[in-house]
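As the structure lists them, so they are numbered: ligands from 1, and atoms in each ligand from 1. Computed from a prediction, not measured in an experiment: that's the story for all the values here. Computed from heavy atoms alone, side chains included, the values below leave out hydrogens, waters and symmetry copies.
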Amino acid sequence: MKSWNGAPLFNLYDVVATTMPQNNPGSLKRREYLDLITYILSLNDMPTGSEELPATPEALKKIVIKWRTKP
Ligand code: HEM
């Protein structure tokens, strides 16, 4: 996640949704990609919100990834 510091969450979504899985890119539904990204964020100790990640590109562009080192 460190290399994504400062990037909008949309950028990570875009890379994953257009290049993953490597043997069948774009094959998952938007919500499935978002759920996987949510899981990756949680594994990286990113703060959680009270709602699901929004699905629109506009909303994802407003969320900025902020890397923080583990305590
Ligand atoms: C839907 C399932 C998958 C998800 C959500 C996923 C997610 C990701 C993410 C988040 C990255 C790191 C991107 C970055 O930080 O730049 C990545 C990289 C990578 N993934 Fe996947 N992945 C999936 C399936 C797969 C599969 C099935 C393969 C192999 C057949 C694969 C091969 C790779 C490779 C080789 C990289 C490194 C690519 C690079 O650095 O350019 N992924 N993946």
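When atom types are taken as modelled, the side chain of Tyr33 and the backbone of Gly26 share a donor-acceptor pair closer than 3.5 angstrom.
Distance remark: protein heavy atom present below 4.0 angstrom from atom 24 (C) of ligand 1. For atom 7 (C) of ligand 1, a protein heavy-atom neighbour is present inside the 4.0 Å cut-off. Of the protein's heavy atoms, none falls inside 4.0 Å of atom 40 (O) of ligand 1. Under the 4.0 Å distance rule, the nearest protein heavy atom to atom 33 (C) of ligand 1 falls inside the cut-off. Less than 4.0 angstrom separates atom 43 (N) of ligand 1 from at least one non-hydrogen atom of the protein. Counting only heavy atoms, the protein gets under 4.0 Å from atom 29 (C) of ligand 1.
Residue Thr56 comes nearest to Arg30 through the heavy atom pair CA-NH1, 4.1 Å, listed as atom of the first residue, atom of the second, then distance.
Residues Ile40 and Met1 form a side-chain contact, since some pair of their non-hydrogen atoms from C-beta on lies under 4.5 Å apart. Residues Asp14 and Leu60 are not in side-chain contact: their nearest non-hydrogen atoms beyond the backbone lie 4.5 Å or more apart.
Under a hydrophobic-cluster definition in which Ile, Leu, Val, Met, Phe, Trp and Tyr are linked whenever side-chain heavy atoms come within less than 4.5 Å, directly or via other members, Val15 and Leu28 are assigned to the same cluster.
Listed by atom number, the atoms of ligand 1 under 4.0 Å from Leu36 heavy atoms are 1 (C), 5 (C).
To the nearest 0.5 Å, atoms NZ (Lys29) and CG (Asp35) are separated by 11.0 Å. For the atom pair Ile63 CD1 and Met46 CE, the distance stands at 12.5 Å (nearest 0.5 Å).
Below the 2.8 Å limit, atom 21 (Fe) of ligand 1 has as protein N, O or S neighbours Met20 SD.
By the side-chain contact (heavy atoms from CB on, under 4.5 Å) test, Asn23 is found to be paired with Pro21, residues two or more places apart in sequence or in another chain being considered. Considering only residues two or more places apart in sequence or on other chains, Glu58 meets the salt bridge (charged side-chain N to carboxylate O under 4.0 Å, His left out) condition with none of them. Judged as a side-chain contact (heavy atoms from CB on, under 4.5 Å), and not counting sequence neighbours, the contacts of Asn11 are Trp4, Ala7, Pro8.
Ligand 1 has a nitrogen or oxygen under 3.5 angstrom from a nitrogen or oxygen of Trp4.
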